[in-house]
J.: 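Dropping a structure here in structure tokens format, bear with me for questions.
All values derive from a computational prediction rather than experimental measurement. Just so you know, these numbers use all the heavy atoms, side chains as well, and skip hydrogens, waters and symmetry mates.
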Amino acid sequence: MTPIRVLTVCLGNICRSPAAQGILQREAELKGLNLSLDSAGTAAYHIGKLPDSRSIETLKQVGIDITEQRARQVTEDDFYVFDWILAMDRANYQKLKQLQPSQSPAKLVMFGEFADYVSLGEVDDPYYGGEEGFTAMRHHLIEIAKRFLDHIASH
Ligand code: 4NP
């Protein structure tokens, strides 16, 4: 089976989207789904960096290692390479919408809309807050990831 190609996108590509990638990888394995995953940021601030240590730590607590990831910026090519591009918040979504070439096949959506009862479709940016924001992000992302995978498994 050819893998479903999924790109998670946030602003810096160091907090939310690397965490979403790691969680989707684990949840897809649990469901026996074949996903090819990557993550990227709409901004260039953190290119080449490891995920934020607080994201690394909160995922380590549930047995997920994201230390292989390095930040990169999203490109126009991504809209031809990936089947799904999953934006973490509305600002990311708007940026991606502007960048998306008109005939490109990728489905661009707000990731949080797969579980919008949690927080109106957005994954809150935990960067400027404390550790509890990263724990909340992890819970939120796990819930959305399960819903998203249910969706692609049934379509
Ligand atoms: P992320 O969080 O978009 O979830 O990776 C942020 C990371 C860095 C910055 C903002 C948000 N920053 O302003 O540097």
Side-chain angles (χ1 to χ4, degrees), residues 1-74 78 81-93 95-96 106-155:
M1 196 183 94
T2 51
I4 298 165
R5 292 159 302 180
V6 178
L7 182 71
T8 59
V9 179
C10 60
L11 176 64
N13 192 209
I14 54 169
C15 298
R16 292 165 292 175
S17 59
Q21 177 182 340
I23 287 166
L24 279 167
Q25 186 70 53
R26 203 259 309 263
E27 295 298 326
E29 281 162 15
L30 291 173
K31 284 182 190 286
L33 288 169
N34 187 9
L35 254 53
S36 171
L37 283 152
D38 195 9
S39 69
T42 56
Y45 318 133
H46 299 288
I47 292 172
K49 284 195 201 156
L50 273 164
D52 188 287
S53 57
R54 297 164 295 175
S55 274
I56 291 174
E57 178 56 32
T58 197
L59 290 197
K60 196 172 155 198
Q61 287 169 16
V62 293
I64 297 173
D65 179 6
I66 58 168
T67 59
E68 296 295 306
Q69 294 191 47
R70 296 293 179 276
R72 72 170 179 89
Q73 194 171 20
V74 69
D78 287 322
V81 170
F82 291 93
D83 301 306
W84 290 89
I85 297 187
L86 306 173
M88 294 298 128
D89 65 32
R90 230 163 285 283
N92 307 150
Y93 179 87
K95 265 270 158 57
L96 289 163
K107 287 187 271 288
L108 169 63
V109 295
M110 291 274 288
F111 188 40
E113 283 181 1
F114 290 93
D116 63 2
Y117 55 89
V118 185
S119 76
L120 302 172
E122 295 206 289
V123 180
D124 290 338
D125 183 352
Y127 185 66
Y128 293 105
E131 238 170 70
E132 66 289 348
F134 283 80
T135 309
M137 172 196 76
R138 186 187 75 216
H139 288 301
H140 190 184
L141 288 174
I142 289 172
E143 189 61 36
I144 303 166
K146 287 181 173 163
R147 302 283 160 170
F148 172 70
L149 294 173
D150 286 345
H151 175 82
I152 59 174
S154 65
H155 282 75

J.: To the nearest 0.5 Å, what is the distance between CH2 (Trp84) and CG (Leu35)?
T.: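 Trp84 CH2 to Leu35 CG: 11.0 Å, rounded to 0.5 Å.
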J.: Using side chain to side chain contact (heavy atoms under 4.5 Å, CB included) as the criterion, list what pairs up with Lys31, not counting sequence neighbours.
T.: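 Side chain to side chain contact (heavy atoms under 4.5 Å, CB included) list for Lys31, sorted by chain: Leu33, Leu149, Asp150.
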J.: Mark yes or no for whether Arg26, through its side chain, and Ile64, through its backbone, hold a donor-acceptor pair below 3.5 Å.
T.: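 Judged by distance alone, no pair lies under 3.5 Å.
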J.: How far apart are the C-alpha atoms of Asp83 and Ile152, what are their side-chain angles, what is the distance that settles it, and do they pass the side-chain contact (heavy atoms from CB on, under 4.5 Å) test?
T.: CA-CA 11 Å; Asp83 301 306; Ile152 59 174; over 6 Å; no
J.: Name all residues meeting the salt bridge (Lys or Arg N to Asp or Glu O under 4.0 Å) criterion together with Asp65; count only those two or more places apart in sequence or in a different chain, and write none if there are none.
T.: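 Salt bridge (Lys or Arg N to Asp or Glu O under 4.0 Å) list for Asp65, sorted by chain: empty.
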J.: Indicate the atoms forming the closest heavy-atom contact of Gly48 with Arg70, along with that distance.
T.: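 For Gly48 versus Arg70, the nearest heavy atoms are O-CD, 3.4 Å.
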J.: Between atom CG of Asn13 and atom CG of Asp52, what is the distance when rounded to the nearest 0.5 Å?
T.: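 Between atom CG of Asn13 and atom CG of Asp52 there are 11.5 Å.
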J.: Is it the case that the side chain of Ser55 and the backbone of Cys15 share a donor-acceptor pair, with hydrogens and angles ignored and the cut-off at 3.5 Å?
T.: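 Yes, the answer is positive, given that a donor and an acceptor are paired below the 3.5 Å cut-off.
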J.: Search all heavy atoms of His46 against all heavy atoms of Ala71 and return the closest pair with its distance.
T.: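 Looking at all heavy atoms of both residues, the shortest contact is O-CB, 3.1 Å.
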J.: Could you work out, with side chain to side chain contact (heavy atoms under 4.5 Å, CB included) as the rule, every residue matching Ala115, not counting sequence neighbours?
T.: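 Once residues adjacent in sequence are excluded, the partners of Ala115 under the side chain to side chain contact (heavy atoms under 4.5 Å, CB included) criterion are Tyr117, Val118, Glu143, Ile144, Arg147.
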J.: Check whether any side-chain N or O of His155 sits under 3.5 Å from a backbone N or O of His151 as a donor-acceptor pair, and report yes or no.
T.: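 Such a contact is found between His155 side chain and His151 backbone.
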J.: Please list, chain by chain and in numerical order, all residues satisfying side chain to side chain donor-acceptor pair (under 3.5 Å) with Arg72, sequence neighbours excluded.
T.: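 If we apply the side chain to side chain donor-acceptor pair (under 3.5 Å) test to Arg72, skipping adjacent residues, the hits are Asp38, Asp78.
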J.: Is there a side-chain contact between Leu11 and Lys95 (heavy atoms, below 4.5 Å)?
T.: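 No, too far: nothing below the 4.5 Å cut-off.
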J.: Under a 3.5 Å threshold, yes or no: a donor from one side chain and an acceptor from the other, between Gln25 and Gln21?
T.: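 Side chains of Gln25 and Gln21: no pair found under 3.5 Å.
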J.: If we only count heavy atoms from C-beta on, is the Leu86 to Val109 side-chain gap below 4.5 Å?
T.: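 When only atoms from C-beta onward are counted, Val109 and Leu86 do touch, with a gap below 4.5 Å.
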J.: Taking everything shown except Glu68 itself, do over 12 heavy atoms lie less than 6.0 Å from its CD?
T.: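 Atom CD in Glu68 is not crowded, with 12 or fewer foreign heavy atoms closer than 6.0 Å.
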J.: Among pairs that include at least one residue of residues 122-132, which meet side-chain hydrogen bond (donor to acceptor under 3.5 Å, both in side chains), considering only residues two or more places apart or in two chains?
T.: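 Listed once each, the pairs would be none.
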J.: My understanding is that only residues two or more places apart in sequence, or in another chain, count here; which of them pass side chain to side chain contact (heavy atoms under 4.5 Å, CB included) with Ile56?
T.: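 With sequence neighbours excluded, Ile56 shows a side chain to side chain contact (heavy atoms under 4.5 Å, CB included) to Pro51, Ile66, Thr67, given in chain and number order.
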J.: Does Gly41 offer a backbone N or O that forms a donor-acceptor pair with the side chain of Gln73 under 3.5 Å?
T.: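 Checking the backbone N and O of Gly41 against the side chain of Gln73, no donor-acceptor pair under 3.5 Å is found.
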J.: Counting distance only, does the side-chain N/O of Arg5 pair as donor-acceptor with the main-chain N or O of Val81 below 3.5 Å?
T.: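 A pair under 3.5 Å: yes.
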J.: Give the intermediate values and the outcome of side-chain contact (heavy atoms from CB on, under 4.5 Å) for residues Met88 and Val9.
T.: CA-CA 6 Å; Met88 294 298 128; Val9 179; over 6 Å; no
J.: If only atom types and distance count, is the side chain of Gln69 paired as donor or acceptor with the main-chain N or O of Pro18 below 3.5 Å?
T.: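 Yes, Gln69 side chain to Pro18 backbone: donor-acceptor pair under 3.5 Å.
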J.: Are the side chains of Tyr45 and Ile14 in touch, meaning some heavy atoms are under 4.5 Å apart?
T.: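 Not touching, per the 4.5 Å side-chain cut-off.
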J.: Report the distance from atom NE2 of His140 to atom CZ of Arg138, rounding to the nearest 0.5 Å.
T.: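 His140 atom NE2 to Arg138 atom CZ measures 14.0 Å (nearest 0.5 Å).
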J.: Are the side chains of Thr8 and Phe111 in touch, meaning some heavy atoms are under 4.5 Å apart?
T.: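 No; the side chains remain at least 4.5 Å from each other.
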